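A quick write-up on the structure given underneath.
Just so you know, these numbers come straight off a predicted model, no measurement behind them.
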2 protein chains.
Amino acid sequence: MSSPRRRVIPEATIARLPIYQRCLLELEAGGRTKASSEQLAELAGVNGAKVRKDLSYFGTYGTRGVGYDVPHLLHEIRRELGMTHDWPCVIVGAGNLGTALAKFGGFTDRGFSVVAIMDVDESKVGQKVGALTIRHEDDLADVVAELDISIGIITTTAGAAQDVADQMVEVGIRSILNFAPATLDVPFGVLVRDVDVAIELQILAFHEERRVLSEAEIV
Amino acid sequence: MSSPRRRVIPEATIARLPIYQRCLLELEAGGRTKASSEQLAELAGVNGAKVRKDLSYFGTYGTRGVGYDVPHLLHEIRRELGMTHDWPCVIVGAGNLGTALAKFGGFTDRGFSVVAIMDVDESKVGQKVGALTIRHEDDLADVVAELDISIGIITTTAGAAQDVADQMVEVGIRSILNFAPATLDVPFGVLVRDVDVAIELQILAFHEERRVLSEAEIV
DNA sequence: AGCTGTGAATGACTTCACAGCA
DNA sequence: TGCTGTGAAGTCATTCACAGCT
């Protein structure tokens with residue numbers, strides 16, 4: 001009533017919100033207007049109790065005996081996730097991955113737009129990537145200020161990644177998505193999330209390897 | 001001594017092994033032959049106790065008072081991760097992302113090679129992607145058998161992903177890396193890992209959004 | 001009767017702290 | 001002395017189980 005709900009939200013819960021959002025979008029597209037925690041859980045690949053607890057951190061959006069109102073819950077989740085406005089992003093590193101991400105429109109409809117792409121390589125500067133022109137990395141401060149960017153995406157080599165991260169922090173970026181296979185060192189308050197496909201493959205390989213070993217053992 | 005160490009390894013530990021491997025490769029490249037848990041931890045962005053406990057699940061590879069032998073530990077981790085042999089992978093979905101991953105050589109030196117790329121779209125079948133020729137998805141069983149594939153990579157649209165996963169499971173694949181923004185339903189024993197860039201961005205946006213709110217509150 | 005919201009119980013992971021070996 | 005390896009303690013996350021609303 002008086003103080004707005006602002007408890008500490010578990011990281012694990014936060015990571016599931018985008019998944020719930022996706023499921024709710026599916027339900028909405030299918031014309032569904034109500035969904036129980038069990039139904040949502042089924043779609044999200046978790047269990048009902050988890051859905052209920054996750055959602056309860058944000059408020060009481062459900063109706064006992066009925067379930068959750070799909071459009072309403074979707075709205076609340078979108079609001080919590082900051083999806084009510086657009087997030088301009090800058091990509092640093094105009095290699096294969098960087099250009100592929102810049103051209104890929106799949107994030108735009110999810111609220112993220114790549115508004116700039118940069119590289120240290122002078123020969124790349126000025127080239128077009130879709131509608132964008134590659135700018136020099138040294139212009140980062142200007143670009144970030146001009147375009148009001150708060151999210152930086154690193155798609156450089158591992159060797160260059162820390163320098164780029166330092167530059168980003170320097171110009172005020174506090175949210176970094178890092179595709180380079182490197183552990184970035186950033187000051188407190190700056191959030192880095194790593195995406196490393198090789199690591200994901202290695203985790204699969206670990207289990208695959210053990211599977212083979214276990215099967216050999218049974219024989 | 002008698003029974004080989006085969007305790008249950010925490011998932012969190014497994015996910016860090018590839019990172020330790022990367023750090024050890026750096027140390028090795030720099031000519032370092034010994035490293036303490038604290039030094040490794042520094043590079044990996046964790047703390048010393050975690051490194052020691054993680055490694056202790058696999059055996060006692062360190063020397064008290066000295067630290068770990070870099071080449072030896074590297075060898076052991078590579079063995080645990082199944083990096084002593086190559087892992088052939090198949091990509092299903094020859095769109096932007098699929099072709100980009102197929103062309104990207106960055107996993108080959110990490111022990112993974114994309115040996116086949118497939119699609120349902122007849123018009124794509126026969127086209128070249130780097131050294132590979134796109135084959136029709138219906139040939140999955142043949143391709144998997146021929147090339148001894150155990151890891152499948154899904155880069156289709158969300159709508160097609162479950163069907164592809166079903167096909168993969170059908171032909172015996174039990175390790176799937178899923179790039180499609182969809183929750184896959186697979187039988188027990190099949191492992192799916194999801195890579196969803198939009199979700200990562202949304203997690204960053206959540207914190208960014210809260211950061212703004214908190215700062216407003218202070219004023 | 002049905003389903004949410006949530007304390008309490010359990011389980012997973014991390015960190016502490018130190019015995020014990022080189 | 002220095003650093004590992006590991007029980008014990010602490011923290012975070014999941015699941016249970018049920019009171020309480022519709």
Residues, nucleotides or ligands: over 12 heavy atoms within 6.0 Å of [X] [atom1]:
| X | atom1 | result |
| --- | --- | --- |
| B/Gln162 | CD | yes |
| A/Glu146 | CD | yes |
| B/Asn96 | CG | no |

Scan residues 10-18 of chain B against DNA chain C and write down, sorted by residue number, each residue with any heavy atom closer than 4.0 Å; if none is found, say none.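 Here the set is B/Pro10, B/Glu11, B/Ala12, B/Arg16.
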
Could you list by number each residue of residues 19-34 of chain B showing a heavy-atom separation from DNA chain C of less than 4.0 Å, or answer none if no residue does?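 The answer is none.
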
OP1 or OP2 of [N] sitting under 4.0 Å from any side-chain N/O of [X]?
| X | N | value |
| --- | --- | --- |
| B/Lys50 | C/dC13 | no |
| B/Ser37 | D/dT4 | yes |
| B/Tyr68 | D/dG5 | yes |

Which heavy atom in B/Tyr20 sits nearest to a heavy atom in B/Val51, and how many Å separate them?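 Closest approach of B/Tyr20 to B/Val51, heavy atoms only: OH-CA, 3.7 Å.
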
Minimum heavy-atom distance between B/Ala182 and B/Ala158, given as atom pair plus value: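 Closest pair (atom of B/Ala182, atom of B/Ala158, distance): CB-O, 3.9 Å.
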
More 5' along DNA chain D: B/Lys53 or A/Val66, using each one's nearest nucleotide?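 On the 5' side of the pair lies B/Lys53.
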
Please tell me which of the listed nucleotides, D/dT4, D/dC16, D/dT22, lies nearest to the side chain of A/Ala49?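 Within the option list, the nearest is D/dC16.
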
When you get a sec, tell me which of D/dC3, C/dG5, C/dT14 is the closest nucleotide to the side chain of B/Ser36?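 Per side-chain heavy atoms of B/Ser36, the pick is D/dC3.
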
Determine whether B/Val114 and B/Phe104 make a side-chain contact, defined as any pair of heavy atoms from C-beta on separated by less than 4.5 Å.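 Contact flag for B/Val114/B/Phe104 side chains = no.
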
Go through the structure and list residues passing ring pair (Phe, Tyr, Trp, His ring centres under 6.0 Å) with A/His72, not counting sequence neighbours.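 Result, ring pair (Phe, Tyr, Trp, His ring centres under 6.0 Å) vs A/His72: A/Tyr61.
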
After noting the C-alpha distance and the side-chain angles of A/His207 and B/Glu11, does the key distance pass the side-chain hydrogen bond (donor to acceptor under 3.5 Å, both in side chains) rule? CA-CA 10 Å; A/His207 289 285; B/Glu11 269 302 309; 2.8 Å; yes

Interatomic distance, A/Arg52 CZ vs D/dC16 P [rounded to whole Å]: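 Taking atom P of D/dC16 as the reference, CZ of A/Arg52 is at 11 Å.
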
C/dG2 base / A/Arg64 side chain donor-acceptor hit below 3.5 Å: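 Under the 3.5 Å cut-off, the side chain and the base do not form any donor-acceptor pair.
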
